[in-house]
Structure formats: structure tokens, C-alpha cells
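Below is one structure; the comments refer to it alone.
A, B, ... follow the sequence lines: proteins, then strands. Residue 1 opens every chain. Hydrogens, waters and symmetry mates are skipped; everything else that's a heavy atom, side chains included, is used.
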There are 2 protein chains.
Amino acid sequence: MQLDKIVNYHKALSDPTRLRILLLLCKGEEIHGQALAERLNLSQPTVTHHAAKLREAAMITERRDKNTIYFRMNPEFIRAGSEASLNFIFSKGTQEMEQESPDDNLKESVLRNFFAKDGRLRQIPAQYKKKLIALQFMAEKLAPGTVYSEKELNEFIRQYHEDYATIRREFIMHQFMYREHDKYELNPTEMWTRWENVR
Amino acid sequence: MQLDKIVNYHKALSDPTRLRILLLLCKGEEIHGQALAERLNLSQPTVTHHAAKLREAAMITERRDKNTIYFRMNPEFIRAGSEASLNFIFSKGTQEMEQESPDDNLKESVLRNFFAKDGRLRQIPAQYKKKLIALQFMAEKLAPGTVYSEKELNEFIRQYHEDYATIRREFIMHQFMYREHDKYELNPTEMWTRWENVR
DNA sequence: GATATAATTAGATGTATATCTAACTATTAA
DNA sequence: TTAATAGTTAGATATACATCTAATTATATC
């Protein structure tokens, strides 16, 4: 999973000792383990520990000469990780693909399986994605710009399901509708919950 | 301390749940707490917990409407943190200032206090920075390019201090000298331990 | 004032991890 | 082969923190 790599990148950099090690290496010089331990006032095993983490994240490279292991910074990987992280958070690259079609097959199957032939909702789907599909399907039947009283809205929902209270709450919860002083109104569709970017 | 801010930035991003929250917010939409909790399959307190961390790192902003708190991503700060982190690691900006003068006052005082009038080292400084100053002072008296036998080097060090074994080891440890088959040679001064970037 | 809803705080629990000392391994050199 | 040196591994300890449930606070509405 992509996410874990990003997490590991930031874990590697979220410790003051490791940052200080990188700082010591940032001039490009090589420094060996014992020298690091002494400079940082740490034991050798602790240096080994941090070196392993930095190596796993490809932030340093190592060279052996006799008994001594010299560390050197790997700046390209540090920069690359930073960029990958930003791209991930801002969803560069994957955004376009997932923007469209929230799984049309799923939508079809939910409409087929959860709604009876007479249009009523058999049961409220428990699974998150499916529930949203059912909610959206019903919300689309409401008139944009119209202000509904609670009573009117209950009546509307009752066309589909007896448990209007739950569904009314879900409409609010997932931002299909907005409530003010017991008056209900459809939100603009841009605000309707999106599930494409959940992953 | 500057270091802590960088650590906190990466801590904020080193948890999969928080990354998923940012991912949900990355389209610029607002999402409120309960919706986040449901989407991520977490309890509301857990969302509060993560929201607090993200807010501390200025990665999200919050807006209250009635009882509900809506979160929105703060992309500028996420990018700014990334840049600040790289600048810190690669020591942009501070590098020039600290490049010079490893604390000339300290150097003077060490040379004055630890070396006698006849030039001998009274005692090996225990404090790291001071020890390096004393070592460097002595190392500078060695001839670059010259290969010393262990005996010769011991004699040289003895000019300064009886404990030539310790000082010889320190010369190696801190990369003032290099040893191969009992032959000792001065390292190029670029390799001499630098302390400017320890902080 | 009473009730409902959203969020926060408190406290418990389990896991992750930074650090140390002691023991061990690997490499070099006498 | 033995001794010395650098590094690693094992195990202990303490702290950080992600998560939950239960109780509390804050806001809005009747």
C-alpha cells in the first residue's frame, strides 16, 4: 500500500536524534558510528538503531572500511520522499481517474438489491458506500431550492422507508441536506458526500 | 528550538489515519467530525484526537456552525512545512553564518586554559567541543602528507601529554588522522570533525 | 428550563519506539 | 591464534500515542 511508504518516510524524520544525524551528514562528509555516538552523546547501539531506520528509508548509505562503517547522506531520496508525500496528500496523478464513476457497477447493484420494484427501500444498507448510494438516490428526488418542513420531509422519506428519523438524520449527517430551525433544504450537489477519494 | 517544529511536522504526517483525513479533505471540501468518524470507521473522540494534532501543525482549519465543526485543509502550511523541513535538513540559510568561526572565544579560552605556557596540554578536556579544539590544535602541528610510525607519533604527542595512547586514539576517532598497518597519516583538513553544525 | 446533538475530556489499554547495558559477532592485525 | 576494535543483537525500561468507552461540556431549539 502506498500509504505505508509515506508514513515511513515521515516516521524516519519525526525523531530529533535522526534529524540531528542528518544535520551532521548534510555537508556531504562521511561520519562513522562511534563519532556519531560521541557527538550526539548516545550509545553505539542507539546509533545503530537510528541508522537502521534511516537506511530503511534510503536516507543514508553506508560504506565499510576495515571495522568501521561510514555513513553518508542520500539527499536525492530525502527530496524524492518529500515530493511523493505532497503528491500523495494532494492526490496528484490519481485524482483524474477516480473523479469519475463512483463504481457504476456497485451503484446498479445497490439500486437493484436494496430497492423493491415498487421503489421502496428494503433496508438501509449497513456498508458505508452502499448506504451513501441509497441516500443519494433518494435525495435526488427532492427539489433543489425547496424548503421542507420536518413533517413534509418525513412524508417524503416515508415513500421509501418507515424509519424516516434515521434517514432524515443521515441526510444531514452526510450533507445531502441542511437544517435550520426545523426547516430542511437540499444542499448543492457539490457538497454531497464524495467517496471516490476514500481508497 | 527550530528542531522541534520540524519533528512535529513529520509526526503529524506519520500516522495513517491522519493521512487519510487529509486525503478526504484534499479536494477542498469541508467535512465535519462525525462524517469523518464514520468514513474512517473510528469513534468521534479519535477524530478529535487527530484533529487536534493536525490543528497544532496548522494543517487544517476549523469552522463552527451550530453544534457542528467543519474541517478544511490548509494546503499552504503543509507545503510550507515540507519546504522548511528540507531547508532545515540541508541547512539552507544558517549554513553561511555558522560556516565561519567555530566560536573563536571558546577556542581562545581553551588554548589559554588547557595549554600551559610551555605548550604542554594540562589535561584532556572532557567536554566534547573543547576536546576537539585541543585535538585540532595539536593535529595542526603535524605535517600533511607525512607518514608517521606509531612510535614517531607517540613521541610527537608526548610533547603535549603523557597519555599518548588516548590522544592517538582520539586522533583516529575524530578523523584527524588515518591509520593503516600501524602507519599514521594526517587526513585532509576537510575531513576533520566539524562542530559548527551540531547545534 | 428541558431536550437533543456534536464535540471534548478523562481514563484505560495495548502497541510502538527510544534508550540503555550486557553479551555477542565480525574484522583486522600482531 | 589471540587480542583489539567497531558494530550488532538481546533484553529491559520508560515514554509516547492510537484507540476505545463513559462522562462531561457546549450549542441550539422547543
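The NZ atom of Lys53(A) sits 11 Å away from the P atom of dT19(C) (whole-angstrom rounding). In this structure, Asp15(A) places its CG atom 14 Å from C1' of dC17(D), rounding to the nearest Å. At whole-Å resolution of the value, CG in Leu36(A) and C1' in dA6(D) are 13 Å apart. As a whole-Å value, the separation of Asp65(A) CG from dT5(D) P is 17 Å. Atom CG of Leu40(B) and atom P of dA18(D) are 14 Å apart (whole Å). The distance from atom NE2 of His50(A) to atom C1' of dT8(D) is 15 Å, rounded to the nearest whole Å. Distance CG (Leu19(B)) to P (dA18(D)): 12 Å, rounded to an integer number of Å. One interatomic measurement links the two molecules: CG of Asn8(A) to P of dA16(C), which rounds to 13 Å at whole-angstrom precision.
Judged by the 6.0 Å and 45° rule, Lys5(A) forms no cation-pi pair with Tyr9(A). A cation-pi arrangement is present between Arg63(A) and Tyr70(A), with the terminal nitrogen or guanidinium carbon under 6.0 Å from the aromatic centre and inside a 45° cone about the axis. Judged by the 6.0 Å and 45° rule, Arg168(B) forms no cation-pi pair with Tyr148(B).
With rounding to the nearest 0.5 Å, the separation of CG in Leu36(A) from CG in Leu42(A) is 9.0 Å.
OP1 and OP2 of dA16(C) both lie 4.0 Å or more from every side-chain N or O belonging to Lys11(A). Remark: Ser43(B) is not in phosphate contact with dT21(D), judged by side-chain N or O atoms under 4.0 Å from OP1 or OP2. The phosphate of dC20(C) has OP1 or OP2 within less than 4.0 Å of a side-chain N or O from Thr46(A). A close approach under 4.0 Å does not occur between any side-chain nitrogen or oxygen of Lys66(A) and OP1 or OP2 of dT5(D).
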Counting primed atoms plus P, OP1 and OP2 as sugar-phosphate and everything else as base, spell out the protein contacts along nucleotides 2-13 of chain C at 4.0 Å heavy-atom distance: B, S or - for each nucleotide, 5' to 3'. ---BSBBB----
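Ring pair Phe156(A)/Tyr160(A): centre-to-centre distance below 6.0 Å.
Residue pairs meeting the salt bridge (charged side-chain N to carboxylate O under 4.0 Å, His left out) criterion with at least one member in residues 158-167 of chain A, sequence neighbours excluded, are Arg120(A)-Glu162(A), Glu155(A)-Arg158(A), Arg158(A)-Glu162(A).
Side-chain contact, Ser43(A) with Thr46(A): a donor N or O sits under 3.5 Å from an acceptor N or O.
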